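The structure presented is a predicted model; accordingly, all values stated were derived computationally and were not measured. The chains referred to below are lettered A, B, ... by the order of the sequence lines, with proteins before strands, and numbering in each begins at 1.
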Amino acid sequence: MAENNTSLDCNIDWNSDDDREIDNYGLPSSSTLTAAPSNGGSSGSGEGSSSSPGSNFELIQHFVGMGFPEKQVAQVIDELGDKNHNLVLETLLTYSALENSPKQPNDIQVSEEVQRDLSVQELQPVQSDHSSADYCANSFDEFSDVDSPARDVETPSSDEDDKLLFLAGMGYSVDEASIAIERCGPDSTLEELTDFICAAQMARASDIHFIELDEKKLNLGSLSKLKRRKNQDCDAWKKKKHRCEEEDELIRLPKPMIGYGVPTESNEIVHRTIPEAAKGPPYFYYENVALAPTGVWNTISRFLYDIEPEFVDSKFFCACARKRGYIHNLPIENRFPLVPLPPFTIHEAFPLTKKWWPAWDKRTKLNCLQTSIGSAKMTERIRKALEECGDDDPPLHVQKYVLDLCRKWNLVWVGKNKLAPLEPDEFETLLGFPKNHTRGGGISRTDRYKSLGNSFQVDTVAYHLSVLKDMYPEGINVLSLFSGIGGAEIALHRLGIPLKAVVEVEISEANRNIMRSWWEQTNQRGTLIDIADVQQVDADKLSELIDLIGGFDLVIGGSPCNNLAGSNRVSRDGLEGKESALFYDYFRILDLVKTIMGSRSVRY
DNA sequence: TTAAAGATGAATAGGATG
DNA sequence: CATCCTATTCATCTTTAA
């Protein structure tokens, strides 16, 4: 991640096969061609790369040529410097969007944070620095007119002062703390405030790719330490204030975890209102693990236009559990499930296990499929333990020992006293993928488990996406971020929604190969463009793509969960974690797409 | 060199109990 | 209310084998 080892390879592929249920809406047939990587003055250069010095005039003209006022361009470049072209463009786009429509403060939050954080002497560990007067020294005032409604002229309550003092005591600067309070509102909880500050720090960290590796480690290490300390301090705060109002501010998981409803059970909530700024098109759909560290979903929701997450456990769709949160702006009326319905219980999914399944194993659903499986040595230990018990039911303590391991590793009974982990193709079936979807192409068995464990449950996602079918009978254009092995695309395809164009962004070459292989095997007629790294998707690239395919109808993706997932013993660092921080790229790209398409709504 | 196996808990939620 | 118990979890790293 420190360096982008893959160049932009955008293979535009027009398939000319024509024996499938999807009719021809394809572009004129041609052989595979490769789109030229954008190489203009302002693109292709990652955050860290520097432009040639003294090219400010050219740079300004470049943006003026894109239609921005020269004065504004000059000012922004003055503010941000001429190194980070993407950021400059994003900021300009944000401004133009703000001028067009008064939007909620959230929309400019990131840009502000990012730009504030560009001045980074304080890469040094923050914890011991209680003063940090140099932090936040740069301009913030230019922006004070865009988002300060009348509310912030009220006198600070004592509670506010209390929070301020507390944050300062945690090592945050007073500026930092007061800005956080101002942004999050006077009623904000301490978690919200610290999350806000952490988000700022995250944005800063993600913007510094050019620092030395050891420095980076130091920085990230200090961040994670900071986060841990933050949580401890929050606990202290909670104890201090006993049960205060922030408890109900925290997003809680519903029980049962059925979101706005599943095919078998419906929820009381049948309607919801979506904030104006979040309304589609483009529609978007974001996914991540439900059981993330405390406060993570609050942050994610805050960035994604304050839409409440829909938490759903896939055990209501298939034979395995998968507790996930989804934030989307799709309608929730008239959803329908994929057919044929997948096996709903373990016995339905694996009929052969029934013969060996002991009565004292009451499981009917498997737990979440993860990225690795149980070892053979463990199942052998279990077998020996069971054989010592003879033919009768084993004693309760042995039953408990076995069942604990069964639940932990998702073992199934494949013979007398014989347990085994699931095969990769059984993963595929449970998750709604075609059998052998991840097989072949040089991918190892280990990597198949990894890719499958990280993917969507297709039936679950398809249920949510089903509302798109009537809306786009001619097919849709999809921007698929963190595509993995293509769960979103398969869901849409199985729903019978034609895929006119798919731009997939996926770092793993093996996964991209799986996806392209599926694309060809299913005789897709649309266009598949693959990009390796989300960090290469900047405003220029998006503009180019939007011009090429005519705008996106759906932006879908689940950002990396490994720093959020409970199975991670090593680096469960939350949203600031190395990979999970890419959530902010999801938001960045989604917001860019909205802005660019909004500015061209006349044409599209 | 690569694939597979094996070892490695903590965070979080919810329920029961007193 | 605190305390204890049960249950779950899109993983990472090192060693070993091929």
From the candidates C:dT8, B:dT12, B:dA4, the one with an atom nearest any side-chain atom of A:R407 is C:dT8
For the pair A:Q524 and A:H493, evaluate side-chain hydrogen bond (donor to acceptor under 3.5 Å, both in side chains) and give the outcome as yes or no after the intermediate values. CA-CA 9 Å; A:Q524 298 289 332; A:H493 176 69; 3.1 Å; yes
*If the plane angle is over 60° it's perpendicular, under 30° parallel, otherwise tilted; pick one for A:W413 and A:W360.*
perpendicular
Under 4.0 Å from OP1 or OP2 of B:dA4: is there any side-chain N or O of A:S444 that close?
yes
Residue pair A:D404/A:V289 against DNA chain C: nearer the 5' end by closest nucleotide is A:D404
To the nearest angstrom, the CG-C1' distance between A:D447 and C:dC10 comes to 15 Å
### Query
Quick one: is A:Q370 getting a side-chain N or O under 4.0 Å of the C:dA11 phosphate, OP1 or OP2?
yes
A:W409 atom CH2 is separated from B:dT8 atom P, nearest whole Å, by 12 Å
Under 4.0 Å between a side-chain N/O of A:N562 and OP1 or OP2 of C:dT12, yes or no?
yes
Side-chain atoms of A:T294 come closest, of B:dT12, B:dG9, C:dT8, to B:dT12
Any salt bridge between A:E387 and A:R383, counting N to O under 4.0 Å?
yes
Next on the checklist: C:dA11, OP1 or OP2 - any side-chain N/O from A:S567 closer than 4.0 Å?
Outcome noted: yes
- Message: Once you apply a heavy-atom cut-off of 4.0 Å, does A:K450 come out as touching a base, just sugar-phosphate, or nothing?
- Response: nothing
Atom CG of A:L366 and atom C1' of C:dT8 are separated, to the nearest Å, by 14 Å
- Task: Test for a donor-acceptor pair under 3.5 Å between the base of C:dC10 and the side chain of A:R324, counting only N and O atoms.
- Result: yes
Q. So what does A:K315 hit on the nucleic acid, given a heavy-atom distance under 4.0 Å: a base, only sugar-phosphate, or nothing?
A. nothing
Answer for the Watson-Crick or wobble partner of C:dC10, both distances under 3.5 Å, is none
Here the pair of heavy atoms bringing A:V593 nearest to A:P282 is CG1-CG, 4.0 Å
Here the distance between atom P of C:dC10 and atom OH of A:Y326, to the nearest Å, is 11 Å
message: Say we look at C:dT9 and B:dT8: how far apart would their C1' atoms be, to the nearest angstrom?
response: 15 Å
**Asked** Do A:Y449 and A:S372 get their side chains close enough for a donor-acceptor pair, meaning under 3.5 Å?
**Response** no
Please classify the nucleic acid contact of A:C368 as base, sugar-phosphate, or nothing, using heavy-atom distances under 4.0 Å. sugar-phosphate
Legend entry - Under-4.0 Å side-chain N/O to phosphate OP1/OP2 contact, A:K408 with C:dT8: no
Check your understanding: Taking only side-chain nitrogens and oxygens of A:T446, does any of them come within less than 4.0 Å of OP1 or OP2 of B:dA3?
Key -> no
Comparing A:C561 with A:K400, nearest DNA chain C nucleotide closer to 5' gives the residue A:K400
A:D313 CG to B:dG14 P, in whole Å, measures 13 Å
Side-chain N or O of A:R252 closer than 4.0 Å to phosphate OP1/OP2 of B:dG14:
yes
Atom NZ of A:K377 and atom P of C:dT16 are separated, to the nearest Å, by 11 Å
Base, sugar-phosphate, or nothing for A:S372, non-hydrogen atoms under 4.0 angstrom? base
Please determine whether a side-chain nitrogen or oxygen atom of A:S375 lies at a distance below 4.0 Å from atom OP1 or OP2 of B:dG6. yes
Per atom distances to the A:K255 side chain, the nearest of B:dG15, C:dC10, B:dA4 is B:dG15
Q. Taking atom P in both C:dC10 and B:dA5, what distance in whole Å separates the two?
A. 23 Å
- Is any side-chain N or O of A:N568 closer than 4.0 Å to OP1 or OP2 of C:dT9? no
Mate of B:dG9 across any strand shown (Watson-Crick or G-U wobble, both atom pairs under 3.5 Å) is none
Comparing nearest nucleotides in DNA chain B, the 5'-proximal residue of the pair A:M378, A:I443 is A:I443
*side-chain hydrogen bond (donor to acceptor under 3.5 Å, both in side chains) evaluation trace for A:T438 with A:S451*: CA-CA 8 Å; A:T438 59; A:S451 291; over 6 Å; no
In A:Y463, A:Y285, A:F311, the residue satisfying ring-ring contact (aromatic ring centres under 6.0 Å, His included) with A:Y326 is A:Y285
Rounded to the nearest 0.5 Å, the CD atom of A:E576 sits from the OG1 atom of A:T299 at a distance of 7.5 Å
From CG of A:N563 across to P of C:dC13 the rounded distance in Å is 10 Å
_What's A:R445 touching, base or sugar-phosphate or nothing? Going by heavy atoms closer than 4.0 Å._
sugar-phosphate
**Asked** Checking all strands, does A:S559 fall into the base, sugar-phosphate, or nothing category for heavy-atom contacts under 4.0 angstrom?
**Response** base
note: A:I373, atom CD1; C:dT9, atom C1'; distance rounded to Å ~ 17 Å
